[in-house]
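Encoded as structure tokens, the structure appears first; notes follow it.
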Amino acid sequence: MDNFATDIKKYLEKIFGNTIDEASERQIYQALMVITRDRLAEKRFESNKKLKESQQKRVYYMSMEFLVGKTLRNNLYNLGYEDEIKHFLAKHGFSLERIYNIEPDPGLGNGGLGRLASCYMDALTSNDYPIMGFSILYEFGIFKQVISDGWQQEYPDNWLDLGRYGLLYRNDEEIEVKFYGNTKEEWSSEGLHIRYEDYTAIKAEPYDLFISGYDSDTVNVLRLWKSKATGGFNMKLFEKGEYSKSLESEAIAESISKLLYPADDNDNGKALRIKQQYFFTSASLQQIVKNHYDTYMTLDNFAEKVVIHINDTHPSMCIPELMRILMDEYEYSWDKAWSITTKTFAYTNHTIMAEALEKWSVDLFQPILPRIYTIIREINNRFCKWCNDIGAAGELDEMSIIHNNVIRMANLCIVSSYSVNGVSMLHTEILKKDTFKSFNRIYPGKFINVTNGIAHRRWLGQANPELTRYLNKLLGVDFIKDLSSIDKLLEYQDDKAVLEDLENIKNIKKLQLAEYIKSSTAIKVDTNSIFDVQIKRLHEYKRQLLNALHIIYLYRMIKFNGLKPYPRTFIFSAKASSGYVMAKNIIKLICSISEIIEADPIVREYIKVVFLEDYRVSLAEKIIPAANVSEQISQAGKEASGTGNMKLMLNGAVTLGTMDGANVEIHNAVGQDNIFIFGLSSEEVEELFKNDYRAIDYYNNNQDIKETIDFMRTLDNGHTNFNYIADYLVSTDPYMCLADFESYKNTQKIVEDTYQDKGKWNKMSLVNIAKSGIFSADRATKEYVEKIWKIEKIK
Ligand code: Z16
């Protein structure tokens, strides 16, 4: 540690010519980032040495998204330096907290899927498993959201400006990726040879982000690829004297890693997206194969030593890319290459929503990736032939990889992987019984479930140090090391003093959040009110609209019917994909309700609505510890798992939810007395949808719904009105908000009544914390290790 202080001083002297007392916060920040990175690089060297010696099997985790969140606190926390650096800096008049705030959130993901990938990297590293992540170094991560007059506006997130100090540029390992062009078949005495001509090559530059583990010697790497024009590529154009064109082509090459597509759970079918996918999968696969070959001088044992995990279908081009490398570069036959490939890949599915299952039109795909396309076509031909042989030809409409001139990437993954998993019990059941039922029939045992988990060290240890310290002292167990031991808290479920302590800690976190709300929205909230939280991407299926509709109902009842509910603060935070009109309108609706209530001296005594802009990991860390109620109200069958639900539970919020995703597991864990479940089940949703759901009937037959929607049409703050949304609710809403409204409203009333019984509420909250052990990413990744990957810890 002495060393760390010395290193800071040295860095300041060397880079800025400053003493620590002359340095700015910005300079201290840079020093801490760089020194931490270099410490991790040294540790990485040691753990890598062990890994090379043991020659053990490794996992490569391929994901278009890693929602890393701020790294500095996490790394110092994991390395155990936090307290000492805090004191050292304080001696010189600096606040470590303020330094942490300088770091931008690396927002290299949209939401759940990206954050899951980061939680898993953290957990696997803490548990000493050899994993390497691969993704793209987006110059612009998920956009910055600014709310202006209630509307979402998107601004570029220039995170590398200050974020780059955590990265290590490895230009010794850059790789070329090829697009376009033609393939030629050449026969010689040695057999068939594929010549790839007239392609366009682009450089992939690796940037490494080190992943630290808690109380562990292991450091793993997340490798992020940045696209660059190749020198030769430009020179060709230079020779023709086309200087400006050469710069254009450079810009095109560099556009590949320019930005993250902000559509969560939606397939956007763009050529640039294909290029992004192939760019990062090809670079990664070349790297992986090279690592393997350099170690073993053969690829025959590839599948014994390598697992490549595909996070959703976004990295699915890994599959034909491995086939291509094995056949075109290492001269394997189709059958041998296929045998290796199908033992190498494991695939996680994260959605059943049709619009999110990736499909590429052949016409778009083939010119960009001609060789990859012929390989996919051949995989499909052989698969179809095999289905014929086993009598499954009748199900090829569902199963064939290429269908009506589109490539169905999920089908490619299922056919080519040895394991396919869903992310919650219900989700996996739906995959097996519905979405992929024919596949499940022809590949018995291939589909398995691994319910998602979260990095509790970040979501409890770091986000809620007050609760962590308290539980540490009370329980006398290291639940940060092993979250399952937190169930010892159950012994205190009837202990009045403990229940009060927990309530006091919750109030401290509510006060901190209230401060933040005041500073970012100017709204003063009452910390005695129920903090009711819905934070997640904005999506129709997640039904923020149902929540908003209920708030409008309350507003009307308070204003015109003398209702005096227990005070409640409804807190929302959500980004909408930039092209998603309905989602943006829902944000506008929520912001308008907030404004209208603020302007109403009577209603605002009871309910308030707060929309916090720019939802991101670091904001979630502020909101979650302060929540009393966790809104998980998606239409049953639609949310694959959810992970915010777990983070909120871990921090003592009580779930108000449908029987959807991992809410089902939460329900099983806490029992029905410690959760508020409402609404239709996924089977009932299916039934009702098939039998022609008629929203208008709910409007006509339910007085509250009728009055609420009529009232909604009168809400008009200035130039906007909400007829558009009201019309949708009573007509085409596929997520059937009105069908669940009555049940939601009644359950909300139960929530309110229960909250007023402080003893009862606190006990519910305690049980939620105590039962959250199974939602640790330690448990989830252990299941991946044992059921799918079959890897060992680094020794
Ligand atoms: C995503 O975040 C998810 C699914 C998907 O197909 C694409 C993206 Cl970007 C989410 C699911 O919606 C959510 O239910 C789940 O908890 C999360 O992935 C992690 O599995």
Side-chain angles (χ1 to χ4, degrees), residues 61-67 107-121 123 135-136 138 141-142 260-268 273 276-277 309-316 347-359 409-410 413 420-428 430-431 435 449-455 459 535-543 574-577 580 583 615-617 620 630 632-649 657-666 682 735 775 777 780-781 783-784:
Y61 199 87
M62 312 297 300
S63 181
M64 282 281 272
E65 307 188 9
F66 283 85
L67 202 41
L108 312 184
N110 273 288
L113 165 139
R115 185 54 230 173
L116 189 80
S118 280
C119 281
Y120 285 0
M121 288 298 288
S135 192
I136 295 174
Y138 300 107
I142 186 72
L260 168 78
Y261 276 98
D264 160 91
D265 260 358
N266 198 64
D267 169 21
N268 39 32
R273 174 89 173 174
Q276 286 190 332
Q277 295 187 346
H309 202 91
I310 298 182
N311 199 28
D312 233 16
T313 55
H314 319 147
S316 54
Y347 157 58
T348 299
N349 172 287
H350 294 265
T351 184
I352 53 145
M353 303 232 298
E355 66 269 33
L357 291 173
E358 284 189 303
K359 294 173 192 71
M409 302 316 267
C413 289
V420 178
N421 77 283
V423 290
S424 75
M425 276 160 16
L426 177 65
H427 171 61
T428 302
I430 295 173
L431 289 181
T435 322
N449 177 247
V450 181
T451 298
N452 283 167
I454 56 168
W459 296 106
I535 46 174
K536 47 184 82 250
R537 284 297 290 248
L538 214 137
H539 259 285
E540 287 157 83
Y541 83 81
K542 294 177 191 282
R543 299 199 297 189
K575 284 177 183 171
S577 176
Y580 192 168
Y615 187 55
R616 61 195 183 281
V617 172
S630 161
Q632 307 300 337
I633 60 177
S634 51
Q635 184 187 44
K638 296 299 187 295
E639 189 70 270
S641 162
T643 43
N645 47 2
M646 302 168 186
K647 295 162 196 169
L648 284 152
M649 169 198 192
T658 48
M659 277 299 223
D660 197 16
N663 298 351
V664 174
E665 280 94 326
I666 294 178
S682 63
Y735 304 105
F775 298 108
T781 52
E783 285 188 37
Y784 278 93

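As the structure lists them, so they are numbered: ligands from 1, and atoms in each ligand from 1.
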So how far is it from N645 CG to F775 CZ, rounded to the nearest 0.5 Å? 7.5 Å
In a check of salt bridge (Lys or Arg N to Asp or Glu O under 4.0 Å) between E639 and each of R537, R543, K542, which one passes? K542
E639 N/O to ligand 1 N/O under 3.5 Å: yes
Which is it for Y138 and Q276 under the side-chain hydrogen bond (donor to acceptor under 3.5 Å, both in side chains) test, yes or no, and what are the steps along the way? CA-CA 10 Å; Y138 300 107; Q276 286 190 332; 4.6 Å; no
I'd like to check which ligand 1 atoms, numbered from 1 as shown, lie under 4.0 Å from a non-hydrogen atom of N452. 16 (O), 19 (C), 20 (O)
Work out whether the distance between some heavy atom of Y541 and some atom of ligand 1 is less than 4.0 Å. yes
Calculate, to the nearest 0.5 Å, the distance between atoms CG and NZ belonging to N110 and K575 respectively. 9.0 Å
Check contact between G642 and ligand 1, using heavy atoms of the residue and a distance below 4.0 angstrom. yes
For G112, take its heavy atoms, then give the atoms of ligand 1 lying under 4.0 Å from any of them. 2 (O), 17 (C), 18 (O), 19 (C)
When rounded to the nearest 0.5 angstrom, what is the spacing between NZ in K536 and OG in S630? 7.0 Å
Numbered in order shown, the ligand 1 atoms found under 4.0 Å of a heavy atom of A640 are 14 (O)
Relative to the heavy atoms of D312, which atoms of ligand 1 are at a distance of less than 4.0 Å? 5 (C), 6 (O), 7 (C)
Test your reading of the structure: does S641 have an N or O sitting under 3.5 Å from an N or O of ligand 1? yes
Find all atoms of ligand 1 within a distance of less than 4.0 Å from any non-hydrogen atom belonging to T351, and give their numbers and elements. 6 (O)
Short N or O distance, H350 and ligand 1, threshold 3.5 Å exclusive: yes
Using a 3.5 Å cut-off on N or O atoms only, is G111 in polar contact with ligand 1? no
Identify, with sequence neighbours excluded, every residue that meets side chain to side chain donor-acceptor pair (under 3.5 Å) alongside N311. Y61, S63, H350
Kindly write out the residues that satisfy side chain to side chain donor-acceptor pair (under 3.5 Å) with S641, not counting sequence neighbours, or none if the list is empty. N452
Quick check, are the ring centers of Y580 and H539 under 6.0 angstrom apart? yes
